[in-house]
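Down below is the structure, laid out as structure tokens.
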There are 2 protein chains.
Amino acid sequence: MRISTKGQYALQMMLDLAVNDNGEYITIKSIAKRQNLSEKYLEQIINMLSRAKYVKSTRGAKGGYRLTNSPDFYTVGMILRTIEGSLAPLSCIEDENECNQVERCLLCELWSEINDAINGVIDHVTLADLVRRYQDSVGYDYII
Amino acid sequence: MRISTKGQYALQMMLDLAVNDNGEYITIKSIAKRQNLSEKYLEQIINMLSRAKYVKSTRGAKGGYRLTNSPDFYTVGMILRTIEGSLAPLSCIEDENECNQVERCLLCELWSEINDAINGVIDHVTLADLVRRYQDSVGYDYII
DNA sequence: AATTTTTCCTATTGACATACTAGGAAAAAG
DNA sequence: CTTTTTCCTAGTATGTCAATAGGAAAAATT
């Protein structure tokens, strides 16, 4: 039941882009430095976010990334699912064919309840919420 | 974010033991047949439950397994954690050393909220609840 | 006493996922 | 034309998952 580092880093980058937005494009290099993460690995991850049109990019000098939309557009769920695929605890929740007896399967009911609980959090919290928490706590030396 | 087959099968076995309890020991063989699962694999899993004292066993002919306690003793969380370890979405939730800045880490707050949501379900639903759901729906040909 | 049935224990395997690293092509700016 | 940056693909080490396999120990039956 773990969220992968890719998922974590994706959120971390999106939050970094939101917090450090100054109208210019932000390089992977600077994000990697701030967050103390592998540049090459972050590249791969942000490419997935780029293909999902969650960030826009330009190449070359003065290039980098920016959020496509404002932070309140993105829920945590949108970002995590782009990277991790479904976050359902079992495939029978999302795939019709997996458990071909879902409607009369006791445990599928339980997995579904867990799934709803997770979604209740991640589809409710937005990037803007996280930014706000960050801003509210800057004086207290919060980190991402 | 998947629950492993071990976790699923563990719950399935515990529920099978609860539902089919008739005062005698129940063999792995019969559980495997009813649930259509690998006998040898279930053996390994139930051994973990046995070591946790969630089931008691006797060897030899007429041997098998029984629940140690009544079904309302066991929460789904107890059973799953015995098999899967912690169900926290990130290790920083349970290990002190993982993120050494938890108290000022924004994302750790988020992981913690997800963790609480999951626990809210699994620590609330008991094996007895599942048995009840099963009994209530026997006429409708429910499966485990 | 021998046989059968069952749990107990450990080792092995194949497939897949995870978390990266590496190298180079393409494009934009100066 | 040089530098900076994104874009794209391949490789790799490590670990986890989902089993399978084989046999020892114990309890009941014959």
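Residue numbers start from 1 in every chain, and the chains themselves are labelled A, B, ... in the order their sequence lines are given, proteins ahead of strands. All values reported here derive from a predicted model rather than from experimental measurement.
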Could you list all N or O pairs between the protein and nucleotides 3-5 of chain C that sit under 3.5 Å apart?
{"from": "dT5(C)", "atom 1": "O2", "to": "A61(B)", "atom 2": "N", "distance (Å)": "3.2"}

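- Applying the salt bridge (charged side-chain N to carboxylate O under 4.0 Å, His left out) test to every pair with at least one member in residues 45-58 of chain A, sequence neighbours left out, gives no pairs at all.
- Applying the side chain to side chain donor-acceptor pair (under 3.5 Å) criterion to D129(B), with sequence neighbours excluded, gives T126(B), R132(B).
- The side chain to side chain donor-acceptor pair (under 3.5 Å) search around E84(A) returns S4(A), not counting sequence neighbours.
- Backbone-only engagement by Y65(B) is indicated by non-hydrogen atom pairs under 4.0 Å involving sugar-phosphate atoms exclusively.
- Applying the side chain to side chain donor-acceptor pair (under 3.5 Å) criterion to T75(B), with sequence neighbours excluded, gives no partner residue.
- Using a 4.0 Å heavy-atom criterion, one finds that I28(A) contacts the sugar-phosphate atoms exclusively.
- The side chain to side chain donor-acceptor pair (under 3.5 Å) test applied to N115(A) returns no partner, not counting sequence neighbours.
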> What one-letter contact string describes nucleotides 10-23 of chain C from 5' to 3', where B marks a base within less than 4.0 Å of any protein heavy atom, S marks contact via sugar-phosphate atoms alone, and - marks no contact?
Replying inline: -B-------BBB-B
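- When the ring pair (Phe, Tyr, Trp, His ring centres under 6.0 Å) test is applied to Y54(B), the partners found at least two apart in sequence or on another chain are Y74(B).
- Looking at residues two or more places apart in sequence or on another chain, you find a side-chain contact (heavy atoms from CB on, under 4.5 Å) between K29(B) and T27(B), E39(B).
- Here chain A contacts DNA chain D (any atom closer than 4.0 Å to a heavy atom, that is under 4.0 Å), and the contacts span dT4(D) to dA10(D) from 5' to 3'.
- Residues L37(B) and L17(B) are members of one and the same hydrophobic cluster, defined by side-chain heavy-atom contacts under 4.5 angstrom among Ile, Leu, Val, Met, Phe, Trp and Tyr.
- For residues 112-126 of chain A, the pairs satisfying salt bridge (charged side-chain N to carboxylate O under 4.0 Å, His left out) are R81(A)-D123(A), E113(A)-R133(B), with sequence neighbours left out.
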Taking distance alone, no hydrogens or angles, what donor-acceptor pairs closer than 3.5 Å link side-chain atoms of residues 60-67 of chain A to residues at least two apart or in another chain?
{"from": "R66(A)", "atom 1": "NH1", "to": "G23(A)", "atom 2": "O", "distance (Å)": "3.3"}
{"from": "R66(A)", "atom 1": "NH2", "to": "D21(A)", "atom 2": "OD1", "distance (Å)": "3.4"}

